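Structure first, then comments.
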Protein chains: 2
Amino acid sequence: MKIGELSRLTGTNVETIRYYERDGLLPIPARSEGNYRIYGDAHVQRLSFIRRCRSLDMTLDEIRVLQHFKESPQENCADVNRLLDRHIGHVAQRMQELQELERQLKGLRERCGEARDAAHCGILDGLSQAIVPSGKTASHVQGAHRHAANPNSAKGIQGNQV
Amino acid sequence: MKIGELSRLTGTNVETIRYYERDGLLPIPARSEGNYRIYGDAHVQRLSFIRRCRSLDMTLDEIRVLQHFKESPQENCADVNRLLDRHIGHVAQRMQELQELERQLKGLRERCGEARDAAHCGILDGLSQAIVPSGKTASHVQGAHRHAANPNSAKGIQGNQV
DNA sequence: CCTTGACTCTGTAGCCACTCAAGGGTTTCT
DNA sequence: AGAAACCCTTGAGTGGCTACAGAGTCAAGG
């Protein structure tokens with residue numbers, strides 16, 4: 001099949017498929033006479049695997065590791081467990097951060113019950129005062145401006161580390 | 001003061017300060033004879049405001065809007081409320097998504113109690129089967145692989161709660 | 001045979017919010 | 001005077017795509 005059909009079968013943008021190929025996640029396919037990429041069932045399986053992992057918000061690097069495990073059946077799957085546990089930890093951590101964020105934002109929101117002029121807006125006042133810095137966690141889970149776990153989304157800001 | 005002091009006072013990377021200037025968030029400062037940027041108290045206030053907003057995971061565009069409100073005191077602060085409410089909504093939504101993510105990941109993790117060889121690993125099996133695609137929500141909150149939202153993490157700007 | 005239109009190709013640039021590095025100039029301390 | 005600390009500009013890199021531009025390929029219809 002050609003790239004369009006693979007795209008339809010897996011719900012993956014054509015550009016994304018080519019991106020995965022460039023990035024080494026998808027094996028380089030055969031080409032037709034007219035230089036079109038030709039895929040088979042194995043590619044469908046492989047791409048579906050990638051998309052499922054992405055829908056679980058794994059990085060492409062993590063997916064690469066999992067693919068390696070799949071291709072080395074003699075290896076112990078305890079490593080797979082470890083990778084998954086670490087990923088679950090990141091998700092949990094990010095949730096905690098977002099909870100703290102929500103708490104602060106709601107506190108800020110309380111400061112402005114009704115509409116007044118911005119000169120006396122309690123929210124702007126609140127933002128002009130200090131906010132307690134929460135811990136310097138090092139999650140790899142993303143912040144507040146991003147699409148769902150849905151892999152068809154842009155990536156957000158990188159955190160700052162000092 | 002020079003950029004290094006502003007950096008220390010606000011806990012902001014020097015490069016980040018210059019980036020904000022390029023991006024129009026910080027007003028262009030005066031220059032010394034040796035072409036060094038010279039900042040005053042107003043810059044400290046302004047940058048602190050930005051960093052506090054960033055610590056609440058607002059985008060630079062949102063911050064620009066808030067700055068506009070601050071500079072137009074006659075405007076109604078109901079707009080500020082709306083912006084904040086929307087942002088809170090994004091955070092809440094992202095948390096829900098992460099909860100669903102956690103559920104799925106833990107379900108997957110259950111499939112592998114003890115270490116076996118990867119050929120029979122229940123996790124890899126699970127990843128090779130379908131996972132329900134969650135909704136096509138349009139949050140701007142980020143996913144699972146990100147640093148903490150807090151830009152003041154290391155230096156810790158002075159501060160009480162909001 | 002020719003055209004139309006759908007599909008595909010490569011290559012490059014853009015997104016966000018920074019971060020880093022190269023290669024230089026300026027100031028300050030000893 | 002020289003070293004160290006600071007500052008400058010420019011450009012590139014991050015992740016995971018997405019979106020173009022400009023060209024080529026292919027099947028169906030007139």
Side-chain angles (χ1 to χ4, degrees), chain A residues 1-8 11-26 28-39 47 50-51 53-64 140-162, chain B residues 1-8 11-26 28-39 47 50-51 53-64 139-151 153-154:
Chain A
M1 77 190 73
K2 286 181 289 182
I3 200 168
E5 197 181 340
L6 181 62
S7 166
R8 251 167 277 124
T12 311
N13 198 319
V14 167
E15 323 270 9
T16 305
I17 296 175
R18 289 196 279 250
Y19 170 74
Y20 287 161
E21 180 185 328
R22 270 200 308 286
D23 210 44
L25 273 164
L26 272 181
I28 291 168
R31 296 285 183 135
S32 73
E33 277 189 27
N35 199 31
Y36 287 6
R37 288 170 178 82
I38 303 297
Y39 298 99
L47 181 52
I50 295 171
R51 296 308 276 175
C53 292
R54 284 295 297 134
S55 81
L56 296 173
D57 240 348
M58 297 177 186
T59 63
L60 298 189
D61 274 346
E62 283 171 332
I63 297 171
R64 245 181 290 272
H140 66 166
V141 181
Q142 292 165 300
H145 294 258
R146 216 214 139 200
H147 221 281
N150 186 330
N152 311 319
S153 54
K155 185 146 188 222
I157 65 175
Q158 326 264 52
N160 67 312
Q161 49 228 80
V162 180
Chain B
M1 77 191 73
K2 285 181 289 181
I3 201 168
E5 197 180 341
L6 180 62
S7 165
R8 251 166 276 123
T12 311
N13 197 318
V14 167
E15 323 270 8
T16 304
I17 296 175
R18 290 197 279 247
Y19 169 74
Y20 287 159
E21 179 186 328
R22 270 199 309 285
D23 210 42
L25 274 164
L26 273 180
I28 292 169
R31 295 285 184 136
S32 73
E33 276 190 26
N35 198 32
Y36 286 6
R37 290 170 177 82
I38 303 298
Y39 298 98
L47 181 52
I50 295 171
R51 295 310 275 173
C53 292
R54 284 294 298 134
S55 81
L56 296 173
D57 240 351
M58 296 177 187
T59 64
L60 298 189
D61 274 345
E62 284 171 332
I63 297 170
R64 244 181 290 272
S139 166
H140 65 168
V141 182
Q142 292 164 301
H145 295 257
R146 214 216 136 202
H147 229 282
N150 192 331
S153 39

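Just so it is clear, the model here is predicted, and its values are computed rather than measured. Naming convention: chains lettered A, B, ... in sequence-line order (proteins, then strands); numbering from 1 in each chain. Values below: every heavy atom of this structure, side chains too, minus hydrogens, waters and symmetry copies.
A search for side chain to side chain donor-acceptor pair (under 3.5 Å) contacts involving R8(A) returns nothing, not counting sequence neighbours. Qualifying ring pair (Phe, Tyr, Trp, His ring centres under 6.0 Å) partners for Y39(A), counting only residues two or more places apart in sequence or in other chains: H43(A). The side chain to side chain donor-acceptor pair (under 3.5 Å) check on R31(B) picks up N35(B), with sequence neighbours excluded. For Y20(B), the side chain to side chain donor-acceptor pair (under 3.5 Å) partners two or more places apart in sequence, or in a different chain, are R51(B). Partners of E15(A) under the salt bridge (Lys or Arg N to Asp or Glu O under 4.0 Å) rule, at least two apart in sequence or in another chain, are R18(A).
Rounded to whole Å, the distance from CG on L60(B) to P on dT19(C) is 12 Å. Distance I17(B) CD1 to dC8(D) C1': 14 Å, rounded to the nearest Å. In this entry the distance linking CD of E33(A) with P of dT8(C) reads 17 Å, nearest Å. For the pair N35(B) CG and dT10(D) P, the computed distance is 11 Å after rounding to whole Å. Computed from coordinates, the I50(A) CD1 to dG15(D) P distance equals 16 Å when rounded to whole Å. Nucleotide dC26(D) holds its C1' atom 12 Å from the CD1 atom of I38(A), rounded to whole Å. Here dC17(D) presents its P atom at 14 Å from CE of M58(A), a figure rounded to the nearest Å. Regarding M1(B), its CE atom lies at a distance of 18 Å from the C1' atom of dT27(C), rounded to whole Å.
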Got a list of protein N/O to nucleotides 2-5 of chain D N/O distances below 3.5 Å?
none

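The side chain of R31(A) lies closest to dT10(C), out of dG16(D), dC18(C), dT10(C). In the set dT18(D), dC17(D), dC9(C), the nucleotide with an atom closest to the side chain of E15(A) is dT18(D). Among the nucleotides dC8(D), dT8(C), dT18(D), the one closest to any side-chain atom of K2(A) is dT8(C). Among the nucleotides dT18(D), dC18(C), dC7(D), the one closest to the side chain of I3(B) is dC7(D). Side chain of R51(B), nearest nucleotide from dC17(D), dT10(C), dC18(C): dC18(C). Comparing atom distances between the R18(A) side chain and each of dC9(C), dT19(C), dG16(D) picks out dC9(C) as nearest.
The side chain of T16(B) places an N or O atom within less than 4.0 Å of a non-bridging phosphate oxygen (OP1 or OP2) of dT19(C). For R37(B) and dC8(D), the shortest distance from a side-chain N or O to OP1 or OP2 is below 4.0 Å. For dT19(C), the OP1/OP2 oxygens have no side-chain nitrogen or oxygen of R22(B) closer than 4.0 Å. Regarding contacts with the backbone of dT18(D), a side-chain N or O of N13(A) is found under 4.0 angstrom from either OP1 or OP2.
Residues S32(A) and Y19(A) each lie close to DNA chain D; by heavy-atom proximity, the contact nearer the 5' end of the strand is made by Y19(A). Both G34(B) and D61(B) sit near DNA chain C, but only D61(B) has its closest nucleotide nearer the 5' end.
Closest of all the heavy-atom pairs between S7(B) and T12(B) is OG-O, 2.6 Å.
V14(A) is not listed as a side-chain neighbour of Y19(A), based on a closest heavy-atom distance of 4.5 Å or more.
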I17(B) and R37(B): side-chain contact (heavy atoms from CB on, under 4.5 Å), yes or no, with the steps?
CA-CA 11 Å; I17(B) 296 175; R37(B) 290 170 177 82; 5.9 Å; no
